[in-house]
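Quick note: residue numbers are just sequence positions, from 1.
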Amino acid sequence: MRVLVVGSGGREHALAWKIAASPLVDEVLAAPGSDGMAGVARCLPQVKASDLDAVVTVARDEAVDLVVVGPEDPLAAGLVDRLREAGIASFGPSAEAARLEGSKQFAKEFMARHGIPTAEFAVFDALEPARAYVRERGGPCVVKADGLAAGKGVFVCDGPDAALVALDEIMGERRFGEAGARVVIEERMEGEEASYYAITDGERVVTLAAAQDHKRALDGDRGENTGGMGAYSPAPVVSDAVEKRILEEIVHPAIRGMARDGRPYTGVLYVGLMIDAAGAPRVVEFNVRFGDPETQPLLMRMEGDLVPLLDGAARGRLEPETKLGWGDAAVCVVLASEGYPRAYETGRAIDGLDALAGESDVVVFHAGTRRGADGRFETAGGRVLGVTARGASVAVARERAYAAADRIRFDGRHLRRDIADRALDR
Ligand code: AMP
Ligand code: GLY
């Protein structure tokens with residue numbers, strides 16, 4: 001098989017790495033891919049993930065058997081619809097189904113309609129009524145830009161003052177552009193967060209595993225929300241009993257609900273969860289693609305072959321009895337640029353990557369790097385690298401990931417020192 005991965009970040013590097021390891025696969029291509037992915041995929045830097053025409057054309061010209069779409073934007077723009085029209089099997093939801101992530105209002109109304117547990121919410125299209133609402137409501141709340149904002153358009157607020165500042169940034173200043181033309185204001189849920197992954201062809205489901213992300217920029221979950229500063233899998237908060245509830249109360253009703261609403265969901269369903277002290281799961285958000293950086297530890301733990309699942313989901317013939325083996329644990333530590341998630345500089349030389357290349361339990365996934373004029377890797381994004389290690393326990397994997405991370409240097413390197421600590425405390 002020839003498989004085309006669409007995207008260029010750490011998640012796509014991990015997907016390409018895992019797909020390339022499949023005995024079913026002869027070649028992996030990546031559009032656009034990145035210099036850091038070149039070891040596992042033939043990259044097509046001229047083909048941007050957002051250029052749907054170019055992706056469809058290259059998929060046809062290269063006679064690929066399967067396209068795997070990494071990021072949400074091309075899904076929301078209808079890439080999978082376009083590929084299917086062209087007769088090319090592709091993994092990911094249609095544009096209609098991708099609204100589950102593309103519009104928070106849509107997701108909230110979907111959950112309400114199908115009895116899926118989530119936080120209470122209100123939706124506003126104008127600043128003044130939104131301001132009045134948070135003032136009247138009082139107490140903690142969460143303010144979210146309705147549209148896609150790369151995981152950064154969410155403000156968890158202790159009270160009305162913070163919420164008013166968030167509203168000004170999202171709606172007043174339009175920090176996230178048109179994604180902020182509408183806001184969703186939610187009840188702030190308490191508990192522990194985890195994410196859960198399942199692959200579906202619209203009807204049949206293969207469950208993957210749980211992971212935990214670290215969205216805030218700084219240790220102790222302080223600082224701003226980012227795309228994710230590290231992740232680990234499994235998530236101890238997701239016990240067998242909690243997993244059963246996630247499947248019965250959320251995953252299966254969601255997949256059935258999408259089919260019933262006439263927009264069958266195919267691809268990977270990523271459920272962002274808040275799990276309270278009694279083990280009751282509620283949905284924080286749905287995403288319509290793999291998580292970044294959760295995919296990096298998830299796929300490092302996965303012992304079985306991912307490709308039959310991707311292909312089965314894409315072709316509407318997923319084998320629900322597929323048994324994947326899972327290694328014990330994996331941890332990913334993100335090395336970011338100083339200043340991320342706000343402005344940062346790029347072009348800083350990265351040292352120490354070559355020395356890690358021979359390690360069997362550590363893989364450094366590239367998120368925002370490029371080869372500079374001298375052929376060496378340099379920084380090219382906010383999240384730069386995802387240093388990922390597996391081990392016989394979260395503690396061992398964590399130790400390995402940090403040991404490796406500390407061998408990689410670049411000016412302004414920022415990392416959290418408490419990735420996976422929560423799993424150790426349990
Ligand atoms: P989202 O992009 O909707 O997943 O939100 C990003 C992060 O904000 C989540 O991972 C949570 O940490 C936090 N968050 C979002 N909604 C809520 C909520 N209703 N209650 C508590 N925390 C939330
Ligand atoms: N790490 C969070 C996300 O992929 O949305």
Looking at Asp73 and Arg289, is any side-chain nitrogen of the basic one under 4.0 Å from a carboxylate oxygen of the acidic one?
no
Parallel, tilted or perpendicular: which describes the rings of Phe106 and Phe110, with under 30° parallel and over 60° perpendicular?
parallel
Regarding Arg137 and Glu120, does a basic nitrogen lie under 4.0 Å from an acidic carboxylate oxygen?
no
side-chain contact (heavy atoms from CB on, under 4.5 Å) test vs Leu385 passes for just one of Leu415, Val334, Thr379, Ile350, namely Ile350
So ring pair (Phe, Tyr, Trp, His ring centres under 6.0 Å) across residues 200-252, not counting sequence neighbours, yields His214-Tyr232
Give the ring-plane orientation class for His13 versus Phe365, where under 30° counts as parallel, over 60° as perpendicular and anything between as tilted.
perpendicular
Heavy atoms only: give me the nearest Arg282-Ala119 pair and the separation to one decimal.
NH1-CA, 3.9 Å
Would you say the ring centroid of His366 lies under 6.0 angstrom from that of Phe377?
yes
Output for pair (Met229 CE, Asp213 CG), nearest 0.5 Å, gives 10.5 Å
Leu298 and Ala210: which non-hydrogen atoms are nearest, and at how many Å?
CD1-O, 4.4 Å
Residues which pass side-chain contact (heavy atoms from CB on, under 4.5 Å) with Ala97, listed by chain and number, not counting sequence neighbours:
Pro93, Ser94, Met258, Tyr265
Evaluate the criterion side chain to side chain donor-acceptor pair (under 3.5 Å) for residue pair Glu101 and Tyr270; output intermediate values, then yes/no.
CA-CA 10 Å; Glu101 171 168 2; Tyr270 161 143; over 6 Å; no
